[in-house]
2 protein chains.
Amino acid sequence: MTMEIICINGVQFMLREYGKGHKWCHGQFKARGYRMTLGREAILDVLAQANRHLSAEDIFMKVYKVYPNIGLTSVYRTLDILVNIGLVHKFDFGHGRARYELAEEPKGRRHHHHLVCTGCSRVIDYEDFIDEEVALLKKTEEALSIKYNFTIMNHLIQFYGLCQICRNEGK
Amino acid sequence: MTMEIICINGVQFMLREYGKGHKWCHGQFKARGYRMTLGREAILDVLAQANRHLSAEDIFMKVYKVYPNIGLTSVYRTLDILVNIGLVHKFDFGHGRARYELAEEPKGRRHHHHLVCTGCSRVIDYEDFIDEEVALLKKTEEALSIKYNFTIMNHLIQFYGLCQICRNEGK
DNA sequence: ACATTAATTGATAATGGTTATCATTTACAG
DNA sequence: CTGTAAATGATAACCATTATCAATTAATGT
């Protein structure tokens with residue numbers, strides 16, 4: 001893992017390279033006229049280290065531990081920018097709050113889909129696609145792009161049902 | 001289309017058979033200890049006649065025209081029951097409000113997936129699956145069921161991107 | 001380094017979809 | 001017809017998200 005020291009507002013930061021790392025994120029921000037701040041840096045850090053889809057409040061609390069000046073509003077604002085840039089995916093499992101996760105998966109995590117339990121709200125990620133599945137998905141996206149003249153940027157695939165525990169409770 | 005007259009609270013109602021029709025819905029309600037009321041009847045009617053995913057307020061307004069006694073609260077309550085029974089699917093396109101549609105598709109409509117434009121929030125339904133797609137989806141569901149011991153009841157597949165209009169505006 | 005300026009911030013209030021409360025009404029079994 | 005628990009609608013509460021706005025700050029040019 002490569003490292004680099006940068007300096008924001010007089011404070012030194014280590015830029016770790018998770019996949020397309022922070023350095024790259026900085027570039028993306030800058031290129032679009034956004035400024036890099038301590039808060040945004042910390043939010044990116046939290047997202048990069050998370051291994052689950054976090055809610056805005058989850059992110060706020062994690063950032064707060066490291067940077068207590070953070071405000072919930074800024075978390076929402078930054079997430080909004082990140083989603084628009086395409087760096088972050090925003091999901092909704094129907095539990096009343098949105099969930100966010102880095103589009104470029106750090107730590108070797110890969111793209112995954114979700115199994116959502118309608119009983120206990122648990123969400124299981126699975127990423128063990130069969131090659132056939134990936135190939136067909138790609139083919140489907142291409143066909144849809146052409147047929148509906150629609151540029152596909154991302155997809156969301158969720159299976160709803162009951163996990164083992166909830167199924168047994170239903171007896 | 002078969003018809004049948006029933007009587008709720010002294011008022012006559014025609015039970016139309018949309019796919020698994022109202023008669024069947026009544027049975028589902030009763031079997032679970034719920035009562036059939038004018039409001040619920042009207043909500044089912046609206047859902048059966050809708051050809052797009054409606055929000056709770058959409059449904060409220062449509063029902064109101066036919067049954068002005070309806071309250072928004074009851075719409076939410078009934079939808080909640082219908083979702084739990086499995087008669088209605090609840091979607092969230094990330095626009096701040098949930099969308100509902102009958103699981104058993106009336107009027108010959110079939111199961112479909114969504115193209116969601118992140119620019120204008122438009123939602124395009126498509127139901128022209130390739131046979132291959134259906135077959136693989138089924139296979140995937142079976143594999144996931146076994147691997148994660150998870151009973152799959154439903155799935156949600158959405159492709160996010162830009163429609164023609166929004167893509168051109170982005171220039 | 002320093003000054004300038006517009007982007008960013010956080011505290012606060014407002015918004016809006018959904019849910020809880022509760023007294024009244026109503027479906028329906030006996 | 002009656003008893004009773006389910007269902008209702010009006011209202012208030014809830015909670016995630018957004019808008020507002022004065023104060024702060026990152027980045028640019030000097």
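First the proteins, then the strands, lettered A, B, ... as listed; each starts at 1. Computed from a predicted model, the values in this text were never measured in an experiment. Values reported hereafter were calculated over all heavy atoms of this structure, with side chains retained and with hydrogens, waters and symmetry mates removed.
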Legend entry - A:Tyr67 side-chain proximity, nearest of D:dG9, C:dG10, D:dA6: C:dG10
Inset, instruction - Respond yes when some side-chain nitrogen or oxygen of A:Ser74 is under 4.0 Å from OP1 or OP2 of C:dG10, and no when none is. - result: yes
Legend entry - Residues forming a side chain to side chain contact (heavy atoms under 4.5 Å, CB included) with A:Ile85, sequence neighbours excluded: A:Gln28, A:Phe29, A:Arg32, A:Tyr34, A:Ile81, A:Leu87
Inset, instruction - Can you tell me the distance, in whole Å, between the CD1 atom of B:Ile70 and the C1' atom of C:dT25? - result: 14 Å
Inset, instruction - Establish, with yes or no, whether the OP1 or OP2 oxygen of C:dA7 is under 4.0 angstrom from a side-chain nitrogen or oxygen of A:Thr37. - result: no
Inset, instruction - Can you tell me which residue pairs pass the side-chain hydrogen bond (donor to acceptor under 3.5 Å, both in side chains) test with a partner in residues 68-78 of chain A, sequence neighbours excluded? - result: A:Ser74-A:Arg77
Inset, instruction - Could you state the atom-to-atom distance from CD1 of B:Ile81 to C1' of C:dA27 in whole Å? - result: 14 Å
Inset, instruction - Assess whether atom CZ of A:Phe91 is packed by more than 12 heavy atoms of other residues, nucleotides or ligands within 6.0 Å. - result: yes
Inset, instruction - For A:Arg97, enumerate each residue passing the side chain to side chain contact (heavy atoms under 4.5 Å, CB included) test, keeping only those at least two apart in sequence or located in another chain. - result: A:Ser55, A:Glu57, A:Arg99
Legend entry - By side chain to side chain contact (heavy atoms under 4.5 Å, CB included) - contacts of A:Asn154 (at least two apart): A:His89, B:Tyr160
Inset, instruction - Could you check how far NZ of B:Lys30 sits from P of C:dA27, rounded to whole Å? - result: 12 Å
Inset, instruction - Return the value, rounded to whole Å, for the distance between atom CE of A:Met36 and atom C1' of C:dT8. - result: 12 Å
Legend entry - Minimum-distance nucleotide to A:Tyr34 side chain [options: D:dA5, C:dT8, D:dA27]: C:dT8
Inset, instruction - Could you check whether the rings of A:Tyr126 and A:Phe159 sit parallel, tilted or perpendicular, using 30° and 60° as the cut-offs? - result: tilted
Inset, instruction - Take the protein atom CZ of A:Arg35 and the nucleotide atom P of D:dA26, then report the distance between them rounded to whole Å. - result: 9 Å
Legend entry - Non-neighbouring partners of A:Lys30 that pass salt bridge (Lys or Arg N to Asp or Glu O under 4.0 Å), sequence neighbours left out: none
Inset, instruction - Mind grabbing the angle between the end helix axes of the helix from C:dA1-D:dT30 to C:dG30-D:dC1? Five pairs an end, 10° rounding. - result: 40°
Inset, instruction - Can you sort out the partners of A:Glu142 under salt bridge (Lys or Arg N to Asp or Glu O under 4.0 Å), two or more places apart, ordered by chain and number? - result: none
Legend entry - Whichever hydrophobic residues join B:Leu162 through chains of side-chain contacts under 4.5 Å: none
Legend entry - Sugar-phosphate or base contact per nucleotide [nucleotides 13-22 of chain D; S, B, -; heavy atom under 4.0 Å]: ---SSBB---
